Amino acid sequence: MGLQFYDTRARCKRDFEPLQDGRISLYTCGVTVYDRCHVGHARSLIFFDTVARYLRWRGWDVCFVRNITDIDDKIIARAAENGEPWQDLTARFIDSMHADLDRLGCERPDVEPRATEHIEEMLELVARLEEQGLAYAVGDGDVYFSVGDWPAYGALSGRRLDELQAGARVEVDDRKKGPMDFALWKSSKPGEPCWPSQWGEGRPGWHLECSAMSARYLGRPFDIHGGGEDLIFPHHENELAQSCGAAEGEEFARYWMHHAFVRIDHEKMSKSLGNVFAIEDVLKEVEAEGLRLHLLSTHYRSPLDFSPDGIDESTRALLRVYETIARADEAGAVDPGFDFDSPETARLVELMDDDFNTARAIALAFDAMRDCNRELDAGNLRAASTARGILAAVGAGVGLFEQDPATYLSDYRERAAQSGGVDAGLVEELVAARVQARTDKDFQKADTLRDQLVEMGVVLEDGPGGTSWKLER
RNA sequence: GGCGGCGUGCCCAAGUGGUUAAGGGAGAGGUCUGCAAAACCUCCAUUCAGCGGUUCGAAUCCGCUCGCCGCCUCCA
C-alpha cells in the first residue's frame, strides 16, 4: 500500500503516483491579504503544512508553493477605506500572516509567490487564451474567458453549464458572451493600481495568478493542488479551464485536495458572516500548539466547530504529552529516531497514507504516550525509548510535540500563572516552605501550606526530583 | 431550483461490509503516596438520527423521513 487520498475531481480516493519519481510538486491557495488571518485560514495553513511535512518525512522531495494574493478588489477597497497605499496594507497583513504561521508551527513553503510579481506571466497567459479563441476583450479593456467555448468546463466541480443558471443570484454583465464568463484582465479606474498591457492599463482577474504562478514554479502538469472547499467553484474550476485552455488541453493539476471549513455554531466562519476569530486574538486565550493539535484532531474533510473549550481539551492532552517527554528525557529514555521505513513507524505510515488521517495518527501518539509512561513506571528504559520514538515520529510527520519539553512546561506554567493572576514568586516561597516542613516531618504544617496553595489554584507534585507545581485549569 | 456533505457514548472525535465500535476531555473505582498530585490499571455506546430494504453479515450499501450545513456571489 502506498499513499492514497481523496481527489476532488475523481470524487474518490486515488493511489498517489508522483509525476517524477521521488519528487512531489504541491500548490495551495494561500490568503488574500486585506485583513488578519482567522481560524479558518489556520486550518488551511496547518493542514497543508502537515501534508508537506508528512510527504517529506515520508521520503519525498517536495516543492511546496503557496501563493499570496496581494491585488484584488477587496484590497483596493480596504486601502481606500484606510486612506493608505494598497502596498502598505498588503505588506502589513503579509507580516501578520507570517507571524501567525510561525506561532502555529508552520514551516514556510518553498516558494511564496505574490500575484503582483507575476503580472507578465499572467498577461502571456491571457494572450495565449486569446490566440486560442478562448478569450475576448470588451469595451474599455476588460478581457473575459469564454466558458461556452471550453467544453470541459465544470469537470472539477461536477457542474454542468446549463445547470449553473448564472444570474440567479448575480446581475449578469451584458457585455459578456456567456453568463459564466469570468474576467482575466480588468481595466482600472483612475487612481486604482494598474499595470500596462496590450488591452490597456488594468489588473489581473482573481483566478489568473494561480494558473500563472503554478506553471512558473512547478511546471505543467504538477502533482497536487489544494485549497479550501469553497475554492472548488468557481476559483479552481476557472483556473483549470484557463490553464488547460492556454495549453491546448494539456493537463494541469493531477490531484485536487480540498479541506472542509471551520464553523461557528454550525455555520461557516467567514468574513461576510462576520463571525470570524482572528488567529492573533484566539492565541491570546489559547495556546498555539493546542490549537494546532485541536485542528488536526478532526479529519481534514470534515467540518470542525470552533470552540475555545475544545482547544482547552486538546491543550490538556498536549500537556500530558510534554510531561511524558520530559519524564522520558529525565529518565534517559532517548528517542531512537525512527525513520518512515522503520518497522516501528509502519502503523503511522499506514494511517497517514490513508488520506492523511491525522486524527488517527494523533491517537497513535496518545497510545505511545501511555506505553512510554507505563514502561517508565516499570523501569524498562529500552521499551520506553521505543514508545518515545513513536511519539517523536508522529510529531515529526504531523508537526507536533517538537518543542523542548522543559521550555514548554515552564512557558505553560508562566502563562497559566499570568492568566490566573497568580504571583509565581509567592508560590515558590510557599512551595519552599512546604518542602522544608516535609523535611521536618511536620506534615500538619505541610498540609496547611498545601491548602493555601490549592486555594490559589496551584497543584503540587512531589516527585523523585523534588516538588514541582502547576496551575490547575 | 441544481449539486454536495453531515447526524457515532456526557462533550470532542476515528471508523465507511466481517473477530471485543479507535483516541482525547470529563466522570467513577483501584494501585502508588505521610496526605496529595502525576503516572498506571479498571469501568463508562449490544450500539452508530428514525424507519424500511439488500446481504450469511451494515454504523458502513440502497430507499424514504426528520434535523443540520456547504457550494452555485467574494470567501480557507
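Quantities reported herein were computed from a predicted structural model and do not represent experimental measurements. We name chains A, B, ... by the order of the sequence lines, and we start the count at 1 in each one.
Under the salt bridge (charged side-chain N to carboxylate O under 4.0 Å, His left out) rule, D354(A) has a single partner from R347(A), K13(A), R360(A), which is K13(A).
A salt bridge does not link R434(A) to D447(A): none of the charged nitrogens lies less than 4.0 Å from a carboxylate oxygen. For D49(A) and R53(A), the salt-bridge test passes: some basic side-chain N is under 4.0 Å from an acidic carboxylate O. Between R438(A) and D462(A) there is a salt bridge, since a side-chain N of the basic residue sits under 4.0 Å from a carboxylate O of the acidic one. Salt bridge annotation for D102(A)-R108(A): present, with a cationic side-chain nitrogen under 4.0 angstrom from a carboxylate oxygen.
The phosphate of C41(B) (OP1 or OP2) has a side-chain N or O of R374(A) nearer than 4.0 angstrom. Taking 4.0 angstrom as the limit, T298(A) places none of its side-chain polar atoms (N or O) nearer than this to OP1 or OP2 of C12(B). Under 4.0 angstrom from either OP1 or OP2 of G4(B) there lies no side-chain N or O belonging to R301(A). Contact annotation: R320(A) side-chain N/O to G25(B) OP1/OP2 distance is under 4.0 Å.
Using a 4.0 Å heavy-atom cutoff across all strands shown, H259(A) reaches at least one base atom of the nucleic acid.
Annotated stems with RNA chain B as a participant read B:1-7 with B:66-72, B:10-12 with B:23-25, B:27-31 with B:39-43, B:49-53 with B:61-65, given as range with range, by first number; only runs of 3 or more Watson-Crick or G-U pairs under 3.5 Å qualify.
A donor N or O paired with an acceptor N or O is not found under 3.5 Å between the base of G25(B) and the side-chain atoms of D309(A).
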